Amino acid sequence: MSYNFRENIEKMQGYVPGFQPTGPDVIKINSNENPCSPAPGVFQALANLANPANAGKFQKYPPVMWDDFRKVASKLHDVPEEQIICGNGGDEILTMLVRCCCDENRPMAYPVPTYTLYPILADIQNCPVIEIPFEEDFDIPKALFETDAALTILCNPNAPTGTFVTPTKIAELAKAVKGVLLIDEAYADFAPDNCLKLLQTCDNIAILRSMSKGYSLAGMRFGYCLTSPRIAKAMTKVKDSYNINIAAQVAATAALKDQKHFQANRDLIITQRARVTNVLRELGFKLSDSNTNFLLATVPAATTAADIFEKLTEKNIYIRYFNTPELADKLRISIGTDQQNTKLIEALQEILK
Ligand SMILES: *Cc1c(COP(=O)(O)O)cnc(C)c1O
C-alpha cells in the first residue's frame, strides 16, 4: 500500500454506465441503444471476414487509417478523407480531443446538464472544467461564448435533455470561442439538422458521430469525427496506433454503406418517439419534443421518479433514473421497438392507475 496514483486519479470517480441486465424477457431501454437490427450487409461482411482464407487479416494489424470506412464516409458526407478520424466508439474521439487540447492550464467548458463522460475525461487529463447551465429554453448559455477554454463541448442534440440548437447558432459559438469547439452529434441521426456544413467556414470545429445509436452497432464500438485538416492531424498524433479492430472496421463500413436500412430504422424510431411522447403526456408526464432516440420526462406530480423506476424494473423494464438534484423528478427512456413500447405503455398505465 505504499504506492499512490496521480492525485487526480485518486480523487476522481469513474463513469457509471447504464445497468446491463440480461435474460430473454428483459426490455432494456436505459442506454439509448438502437432496438433495430443492424443492416444485413453487416452480418454478411462479418461472415466473409470469419473465413480461414482471411487468416492474414487476423494475423496482421488492422488498417491504421481505416481506409475502407473513410472512403465510404467521405463520399456520404462529401468531406475529404484526411478530415475524417475514426475511434473505438465515439467516446475515443472525445478522449483524443481532450488529450490534444486540455491540461492543468487549459480548461474544458460545456453547458450542463449534459453527457457525464466529459468531466471524467477532464479529471483524467487533470484539466479545470467550466460548467455553465443551459438557458431556460436550453439555448446555448451566453457565458459559453466568453470562456478561456481550450476545448468547448456542445452536445447537440443534447443528452439527457433531447433538446436541439440550430447550426446557425452553433456557427456563432464557433466564431466566438478561442479554442476548439467539439460538437457531439452522437444523436444527429434523429435530429432535424446537423453541423456538417459548418466545416466549410469554421476551421476550429470537430463533429463527433457514433455508430452506436443510429446504426445499431453499440456492441462493435465505432465512432468518427469530421473536422479540419489541422485538428485531424493533431488527433492522429495522440490516437492509439491500431485503435479499431478489423471486425469493427468491416462492420461499420457495411453499416454506413446501407443508407436505405439506416433511414428505414430512423423513421421507425421517430414514429415510435412521437407515439410514446403522446402517451406519456396523456399519462401526466411533462416532456419537450425529443430530437434523439430517447425521452426525458418529468413524472406526474403525485408520483416520484424513483418509485416508477423501481416498479418498471420489477416488471423487467429497465429505464434510466439519474438521482441527481437537477434530474431527480425525471426519467430517461430510450425508444424501443413497437412491441417494447407497447409493453412500456401498458406497464406505466398499470403503475399510474
Ligand atoms: C453514445 C454517446 C457518445 C458515443 O458513444 P459511443 O458508443 O462511444 O460511440 C458520445 N456522446 C454522447 C452524448 C452519447 O450519448
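Being a predicted model, the structure only gives us computed values, none of them experimental. Counting starts at 1 for both ligands and their atoms, following the listed order.
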Handout entry: Pair S210, R221: side-chain N/O donor-acceptor within cut-off below 3.5 Å
Key = no

Practice task
Say whether N194 and E185, considering side chains only, have a donor N or O and an acceptor N or O under 3.5 Å apart.
Solution key: no

Practice task
Decide if the gap between the ring center of F222 and the ring center of Y215 is smaller than 6.0 angstrom.
Solution key: no

Handout entry: Location of contacts on D91 toward ligand 1, heavy atoms closer than 4.0 Å
Key = both

Exercise for the section: Output the list of atoms in ligand 1 that are nearer than 4.0 Å to some heavy atom of A186, sorted by atom number. Expected result: 2 (C), 3 (C), 10 (C), 11 (N), 12 (C), 14 (C)

Exercise for the section: Could you tell me whether G90 and ligand 1 have an N or O pair separated by under 3.5 Å? Expected result: yes

Handout entry: ligand 1 contact by G223, heavy-atom criterion under 4.0 angstrom
Key = no

Handout entry: Best match, Y118, Y187, Y115: closest heavy atom to atom 15 (O) of ligand 1
Key = Y187

Exercise for the section: Could you establish whether R221 and ligand 1 come within less than 4.0 Å of each other, counting only heavy atoms on the residue side? Expected result: yes

Problem - Heavy atoms of other groups near E10 CD, more than 12 under 6.0 Å - result: yes

Practice task
Verify the distance criterion only: is there a donor paired with an acceptor across the side chains of N32 and Y187 at less than 3.5 Å?
Solution key: yes

Handout entry: Sub-4.0 Å heavy-atom contact, C155 with ligand 1
Key = yes

Problem - Gap between atom CG of L151 and atom SG of C100 - 0.5 Å precision - result: 9.5 Å

Handout entry: Sub-4.0 Å heavy-atom approach of N32 to ligand 1
Key = no

Problem - Pair D139 + K169, salt bridge at N-O below 4.0 Å - result: yes

Problem - Atom CG of D137 with >12 non-hydrogen neighbours under 6.0 angstrom - result: yes

Problem - Closest protein heavy atom (residue, atom, distance) for atom 1 (C) of ligand 1 - result: K213 NZ, 1.4 Å

Exercise for the section: Starting from atom 11 (N) of ligand 1, find the nearest protein heavy-atom neighbour and note its residue, name and distance. Expected result: D184 OD2, 2.6 Å

Problem - Atoms of ligand 1, numbered as shown, that sit under 4.0 Å from any heavy atom of G89 - result: 8 (O), 9 (O)

Exercise for the section: Return the option from S212, S31, P157 holding the heavy atom at the smallest distance from atom 7 (O) of ligand 1. Expected result: S212

